[in-house]
Amino acid sequence: MLFHVKMTVNLPVDMNPERAAQLKAEEKALAQRLQAEGKWRHLWRIAGLYANYSVFDVDSVQELHDTLMQLPLYPYMAIEVNALCRHPSSIHEDDR
Ligand SMILES: O=C(O)CC1=CCC(=O)O1
């Protein structure tokens, strides 16, 4: 199942810089592991914003929920989710 996810990060302005750097490093490590596993298919910066557009390929809505909840930056994110399904004109056989 594919889901388009927008994540907007809002770190508190008074957050300790070392704590912020630690959270970002943990987020990067998990994001790269999930990409290597094929669960996090796309990760794009939204130009001009501390936000991203992502596409997740997971087995269930519950798996998406659990994945998002475990992100280190989750407490500081606003998240919007849209479920995706195959477009009849798509030429990409792996879209599903
Ligand atoms: O910087 C972001 O958009 C938040 C984020 C998601 C994965 C990652 O490494 O950073």
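Note that the structure is predicted; figures quoted are calculated from it, not measured. Remember, it's 1-based here, ligands and their atoms both numbered in the order they're listed.
- Of the protein's heavy atoms, Lys28 CA, 3.5 Å lies nearest to atom 9 (O) of ligand 1.
- Taking CD of Glu26 as the start and CG of Leu73 as the end, the distance is 9.0 Å to the nearest 0.5 Å.
- Under 4.0 angstrom from ligand 1, there are no non-hydrogen atoms of Tyr53.
- Remark: the Asp66 side chain and the Gln62 side chain contain an N/O donor-acceptor pair separated by less than 3.5 Å.
- Atoms of ligand 1 found under 4.0 Å from any heavy atom of Ala31, numbered from 1 in the order shown, are 7 (C), 9 (O).
- Aromatic rings of Tyr53 and His4 (six-membered ring for Trp) have centroids within the 6.0 Å cut-off, being under it.
- Ring to ring, Phe56 and Trp40 are close: their centroids are under 6.0 angstrom apart.
- Atom 1 (O) of ligand 1 has its closest protein heavy atom at Arg45 NH2, 2.8 Å.
- Here SG of Cys85 is found 10.5 Å from CE of Met1. Values are rounded to the nearest 0.5 Å.
- Within ligand 1, the atoms closer than 4.0 Å to a non-hydrogen atom of Glu27 are 5 (C), 6 (C), 7 (C), 8 (C), 9 (O), 10 (O), numbered from 1 in the order shown.
- Summary of contacts: the protein heavy atom closest to atom 4 (C) of ligand 1 is Asn52 ND2, 3.6 Å.
- Inter-residue side-chain proximity for Met77 and Asn10 is flagged as unmet; no heavy-atom pair is nearer than 4.5 Å.
- Contact atoms of ligand 1 toward Trp40: 6 (C), 7 (C) (distance under 4.0 Å to a heavy atom of the residue).
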